[in-house]
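Below is one structure, written out as structure tokens; comments come after it.
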Amino acid sequence: HRSTRPNPQRKTDIMLTMSTSTTTSTTAATGRVDASRARPRPIILDCDPGHDDAAAIILALGNPAIDLLGVTTVGGNQTAEKITRNARSVLRLCNREDVPVHQGASRPLLHDVEVAAQIHGESGLDGVELPDPTVPVAPGHAVSFIIDTVMAAAPGEITLVATGPLTNIALAARIEPRIVGRIAELVVMGGGFHEANWTPAAEFNIWVDPEAARIVFEESWPITMVGLDLTHQALATAEAEEGIRRIGSELSEAFLGLMAFFRRAYKENQDFDDPPVHDPCTIAYLIDPAIVRTRRAPVRIETHGQYTTGATVVDLRGQAPENVHTQVATELDHAGFWRLMTEAIAALS
Ligand code: BDR
Ligand code: CA
């Protein structure tokens, strides 16, 4: 894989050459050993760009605490072909085409494809003319890349972040069950305990592939669910955008162009005055858990409800059981989150 070659732009490679010692710490969610804390945390981002997925890529690339090993794509906001191209265009915009993009599942496990064109447009990233990618899609299926990367790394080394439907992650867990015990953590943008968006009960990513979500949440790996209760706090307010506008770069202008489309789409479809920028909240949580507060709680996925298929049923009654492997995000430091986004855009500009 290209990602395993030393690359002076990659933060882990830089840090590994700078530092011979690493210290370990434990993740808040699970008590598991996290070998990556002393240096940038190596992550794989499984996504479907998508305006807010693009923001997640930017935050992962632009913050020194994160090392983005690869982007894997899954059909969701638009078709797998369109969103895979979008991921590559965003990397080009950030001058980081060294990060490999592996295309993944083009449809959910059981259901038909359902895209979110009303939110993300026909291209999946409407609102700006993005540059054509110059690097081809990386060889090898997204699921193979996830499995190979996790199995080649030390236990507790790799963090998986999923900001689209969970099809690739479910397939990876079924094809190579050992990855479940080897990752540091799985951070999912999806679901909600009180909030929903695609149906009265379900959030889009879970709704698109509820069976995959059920597989993923029933595995024992530590999961942080960054759901709508949290991401609906991540509003791109005029004040948040003003700091980004002051950067005045090609990237900041592109970001604001994407947000302008997102703003109109969210107003028309869900009557939001400012759009909620969901997906980068997962990365913000990894950078600084004080910015995304969490609470341990069991999560179940509804796959057969008469009105509730795709719901994430979160048990917030009393104390969580001792052995719970899931936690849910509850409260966002809005200013802290937008400070991270602004700094990342500035760093990549
Ligand atoms: C989620 O659905 C998608 O449209 C967004 O990219 C985000 O991942 C929000 O429900
Ligand atoms: Ca997404």
Side-chain angles (χ1 to χ4, degrees), residues 43-60 71-80 82-84 86-87 90 101 104-105 108 113-127 142 160-169 186-210 212-213 216 224-236 255 258-259 261-270 272 274-285 292 301 310-312 328-329 332 341:
I43 73 163
I44 298 171
L45 177 58
D46 189 68
C47 61
D48 58 341
H51 295 68
D52 51 331
D53 302 83
I57 293 174
I58 291 168
L59 184 54
V71 174
T72 54
T73 61
V74 57
N77 284 329
Q78 262 298 348
T79 63
K82 288 182 183 177
I83 57 95
T84 301
N86 292 345
V90 171
V101 177
V113 174
E114 181 167 341
V115 299
Q118 59 271 58
I119 298 290
H120 299 276
E122 274 313 309
S123 73
L125 267 184
D126 277 14
L160 298 181
V161 180
T163 62
L166 288 165
T167 321
N168 287 340
I169 309 294
L186 168 62
V187 186
V188 172
M189 190 284 129
F193 45 85
H194 292 141
E195 306 255 330
N197 61 8
W198 212 249
T199 74
E203 180 278 333
F204 177 76
N205 289 339
I206 306 294
W207 164 260
V208 168
D209 199 342
V216 168
T224 298
M225 183 183 103
V226 180
L228 295 174
D229 316 86
L230 186 291
T231 67
H232 280 173
Q233 300 168 49
L235 301 171
F255 183 87
L258 290 172
M259 286 303 115
F261 181 90
F262 211 37
R263 175 179 300 281
R264 284 194 300 277
Y266 258 97
K267 184 66 192 167
E268 273 167 33
N269 289 281
Q270 296 190 26
F272 275 71
D274 297 320
V277 187
H278 311 274
D279 293 340
C281 296
T282 56
I283 309 291
Y285 159 74
V292 177
I301 309 297
T312 47
V328 295
L332 180 76
M341 275 310 311

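This is a predicted model, so every value here is computed, not measured. Start at 1 and go down the list; that is how both ligands and their atoms are numbered.
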Element-labelled atoms of ligand 1 that are located less than 4.0 Å from some non-hydrogen atom of Met189: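 Under 4.0 Å from Met189, ligand 1 has these atoms: 1 (C), 7 (C), 8 (O), 9 (C).
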Thr163 neighbourhood, listing ligand 1 atoms whose heavy-atom distance to it stays under 4.0 Å: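 Heavy-atom distances to Thr163 below 4.0 Å select 8 (O).
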Angle in degrees, rounded to 10°, that OD2 of Asp279 and OD1 of Asp48 form at the Ca ion (ligand 2):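 It is 140°, given to the nearest 10°.
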Metal-centred angle, O of Thr163 through the Ca ion (ligand 2) to OD2 of Asp53, rounded to 10 degrees: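 Roughly 80°, rounded to 10°.
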Heteroatom distance test (Asn197, ligand 1): nitrogen or oxygen, under 3.5 angstrom: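 Yes - when backbone and side-chain N and O of Asn197 are compared with those of ligand 1, one distance drops under 3.5 Å.
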Could you check [atom] against the protein and tell me its nearest heavy-atom contact, residue, atom and distance included?
| atom | result |
| --- | --- |
| atom 9 (C) of ligand 1 | Glu203 OE2, 3.1 Å |
| atom 3 (C) of ligand 1 | Asn77 OD1, 3.1 Å |
| atom 8 (O) of ligand 1 | Asp279 OD1, 2.7 Å |
| atom 6 (O) of ligand 1 | Asp52 OD1, 2.6 Å |

Ser123 versus Asp126, closest heavy-atom pair with distance: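 Taking every non-hydrogen atom into account, OG-OD1, 2.5 Å.
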Heavy-atom closest pair, residues Thr167 and Ala105: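 For Thr167 and Ala105, the tightest heavy-atom pair comes out as CG2-CB, 3.6 Å.
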Ring geometry between His51 and Phe261 (parallel below 30°, tilted from 30 to 60°, perpendicular above 60°):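 Rings of Phe261 and His51: parallel, as their planes differ by under 30°.
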contact_flag Asp53 ligand 1 heavy-atom lt 4.0 Å: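 For ligand 1, residue contact (heavy atoms, under 4.0 Å) with Asp53 is present.
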Close approach of His120 to ligand 1, heavy atoms, under 4.0 angstrom: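 Distance cut 4.0 Å: His120 passes for ligand 1.
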Asp279 vs Asp53, side chain to side chain contact (heavy atoms under 4.5 Å, CB included): CA-CA, chis, key distance, verdict: CA-CA 5 Å; Asp279 293 340; Asp53 302 83; 2.8 Å; yes
Gly190 backbone acceptor or donor facing Asn205 side chain under 3.5 Å: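 Such a contact is absent between Asn205 side chain and Gly190 backbone.
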Distance-only side-chain donor-acceptor flag, Thr72 / Asn168, under 3.5 Å: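 No - no donor-acceptor pair under 3.5 Å links their side chains.
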Test item: Leu125 and Val90 side chains (from C-beta on) under 4.5 Å apart, heavy atoms: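 Touching, per the 4.5 Å side-chain cut-off.
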4.5 Å side-chain heavy-atom contact, Ile119 and Trp198: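 A side-chain contact under 4.5 Å exists here.
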